Amino acid sequence: MKKITGTFIQPLCGGDIPAMDWRYEEYDAEFALMKKIGIDTIILLRCMLGPFAAYDSSYLKKLHPEMWEVSFDYLEMLLKLCEKYEMKFYVPTYNPGHDWLLDSYDPEQECKFLIPLIDELMEKCGSSPAFEGWYFAHEISRKVAWRVIDLFRELGPYCKKVSGGKPIMMSPGVQG
């Protein structure tokens with residue numbers, strides 16, 4: 001039987017999720033437990049959700065002036081904990097919520113929109129020994145999602161170029 005060795009972490013939620021109130025000590029205890037059971041890969045699900053951001057991003061602030069002030073840098077904390085527990089860390093891109101099922105969706109524009117964020121994330125995470133690769137935050141599932149595939153075809157090579165060939169993860173969206 002194959003073991004699960006990776007997990008998503010999502011400290012940014014709009015609901016009543018206890019992990020939103022956790023800080024280093026609580027996450028440290030959780031990481032120790034994950035390491036003990038064989039988890040070796042951490043994937044941050046999102047760098048922004050609604051007004052919440054995982055780190056103090058100057059780029060996201062420009063795009064979203066309604067973004068709340070970041071009082072805790074989850075990205076930095078997760079990188080440090082991955083370093084401490086010798087885990088791999090996948091950094092998320094950003095899904096701005098543009099509907100790739102519409103005819104008006106422009107993958108080239110979205111790629112240009114995301115490149116400055118990729119650069120900012122590389123600056124913040126690229127030197128960490130835990131930085132293993134990227135997680136594309138656009139979850140796709142329908143046959144008509146081909147337009148976001150075009151985004152991946154453009155953004156993927158850029159992410160690989162700036163990170164020295166680091167791998168890219170993506171996940172399907174479940175509909176139903």
Side-chain angles (χ1 to χ4, degrees), residues 2 4-12 39-50 52-65 67 70 73-83 85-175:
K2 252 188 158 174
I4 294 174
T5 61
T7 190
F8 285 95
I9 290 186
Q10 171 56 334
L12 310 173
I39 298 293
D40 67 2
T41 302
I42 302 296
I43 307 127
L44 179 58
L45 187 60
R46 293 181 179 92
C47 60
M48 185 172 188
L49 178 63
F52 305 105
Y55 71 104
D56 191 22
S57 167
S58 58
Y59 182 67
L60 290 172
K61 274 184 199 171
K62 282 184 213 169
L63 296 175
H64 300 286
M67 184 176 110
V70 175
D73 190 329
Y74 287 104
L75 188 60
E76 182 179 325
M77 178 198 63
L78 293 171
L79 275 169
K80 297 284 184 221
L81 286 168
C82 283
E83 290 171 12
Y85 290 99
E86 298 177 334
M87 294 177 169
K88 299 174 237 165
F89 185 68
Y90 280 79
V91 176
T93 58
Y94 171 58
N95 178 356
H98 301 147
D99 192 341
W100 54 79
L101 301 177
L102 298 177
D103 287 337
S104 61
Y105 179 74
D106 185 345
E108 284 181 33
Q109 269 309 109
E110 184 131 330
C111 188
K112 288 178 189 169
F113 170 85
L114 290 171
I115 282 176
L117 180 68
I118 299 301
D119 293 339
E120 183 180 77
L121 288 165
M122 262 312 292
E123 189 175 315
K124 187 156 178 74
C125 305
S127 64
S128 170
F131 174 49
E132 183 69 16
W134 302 96
Y135 170 65
F136 281 177
H138 297 68
E139 296 178 351
I140 60 173
S141 64
R142 296 182 184 163
K143 288 180 184 177
V144 292
W146 59 270
R147 305 194 83 178
V148 81
I149 300 293
D150 291 341
L151 167 69
F152 292 171
R153 283 190 185 124
E154 282 200 45
L155 196 60
Y158 185 79
C159 288
K160 286 190 167 282
K161 181 179 119 186
V162 299
S163 66
K166 299 273 188 195
I168 298 166
M169 269 191 200
M170 55 187 260
S171 70
V174 178
Q175 296 181 350

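On a predicted model such as this, the values are computed, not experimentally measured, just so you know.
- Residues E154 and D150 are not in side-chain contact: their nearest non-hydrogen atoms beyond the backbone lie 4.5 Å or more apart.
- Distance CE/M122 to NZ/K166: 8.0 Å, rounded to 0.5 Å.
- Every side-chain contact (heavy atoms from CB on, under 4.5 Å) that E76 has, sequence neighbours left out, goes to D73, K80, K124.
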Exercise for review: Check the pair L75, F89 against side chain to side chain contact (heavy atoms under 4.5 Å, CB included), reporting the backbone distance first and the verdict last.
Suggested key: CA-CA 10 Å; L75 188 60; F89 185 68; 3.7 Å; yes
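- Taking 4.5 Å as the limit, every side-chain heavy atom of L45 sits out of range of all side-chain heavy atoms of P92.
- For the ring-ring contact (aromatic ring centres under 6.0 Å, His included) test, residues two or more places apart in sequence or in another chain that qualify with Y135 are F8.
- Remark: E86 engages K35 in a side-chain contact (heavy atoms from CB on, under 4.5 Å) (not counting sequence neighbours).
- Annotation: ring-ring contact (aromatic ring centres under 6.0 Å, His included) contacts of Y85 (sequence neighbours excluded): none.
- Partners of T41 by side chain to side chain donor-acceptor pair (under 3.5 Å), not counting sequence neighbours: none found.
- Expressed to the nearest 0.5 Å, how far NE2 of H138 lies from OH of Y94 amounts to 9.5 Å.
- F136 has its side chain within reach of C159: a pair of non-hydrogen atoms, C-beta onward, lies under 4.5 Å apart.
- Among residues two or more places apart in sequence or in another chain, the side chain to side chain donor-acceptor pair (under 3.5 Å) test is passed with S128 by E83.
- Expressed to the nearest 0.5 Å, how far CE of M170 lies from OH of Y90 amounts to 14.0 Å.
- Between F131 and V91 there is a side-chain heavy-atom pair separated by less than 4.5 Å.
- Within the 4.5 Å cutoff, the side chain of M169 has heavy atoms near those of the I43 side chain.
- Contact check for M48 versus S57: no side-chain heavy atoms found under the 4.5 Å cut-off.
- Between F52 and H64, the gap from one ring centroid to the other reaches at least 6.0 Å.
- Atoms OH and CD, on Y74 and Q10 in that order, are 10.0 Å from each other to the nearest 0.5 Å.
- The two residues M87 and I39 make their nearest non-hydrogen contact at CE-O, 3.4 Å.
- Between L117 and C47 there is a side-chain heavy-atom pair separated by less than 4.5 Å.
- Taking S58 as the reference, E120 meet the side chain to side chain donor-acceptor pair (under 3.5 Å) condition, with sequence neighbours excluded.
- No side-chain N or O of W134 forms a donor-acceptor pair with one of T93 less than 3.5 Å apart.
- Distance check, rounded to the nearest 0.5 Å: SG of C82 to CD of E132 gives 10.5 Å.
- Between E110 and D106, the closest side-chain pair of non-hydrogen atoms is not below 4.5 Å.
- Under the side chain to side chain donor-acceptor pair (under 3.5 Å) criterion, K61 pairs with D56, sequence neighbours left out.
- Here Y55 pairs with nothing under the ring-ring contact (aromatic ring centres under 6.0 Å, His included) rule; sequence neighbours left out.
- The side-chain contact (heavy atoms from CB on, under 4.5 Å) test applied to I115 returns C111, D119, L155, Y158, not counting sequence neighbours.
- With rounding to the nearest 0.5 angstrom, the CD1 atom of I42 is 9.0 Å from the CG atom of L81.
- Here the closest heavy-atom approach between residue M67 and residue A53 is recorded as SD-CB, 3.7 Å.
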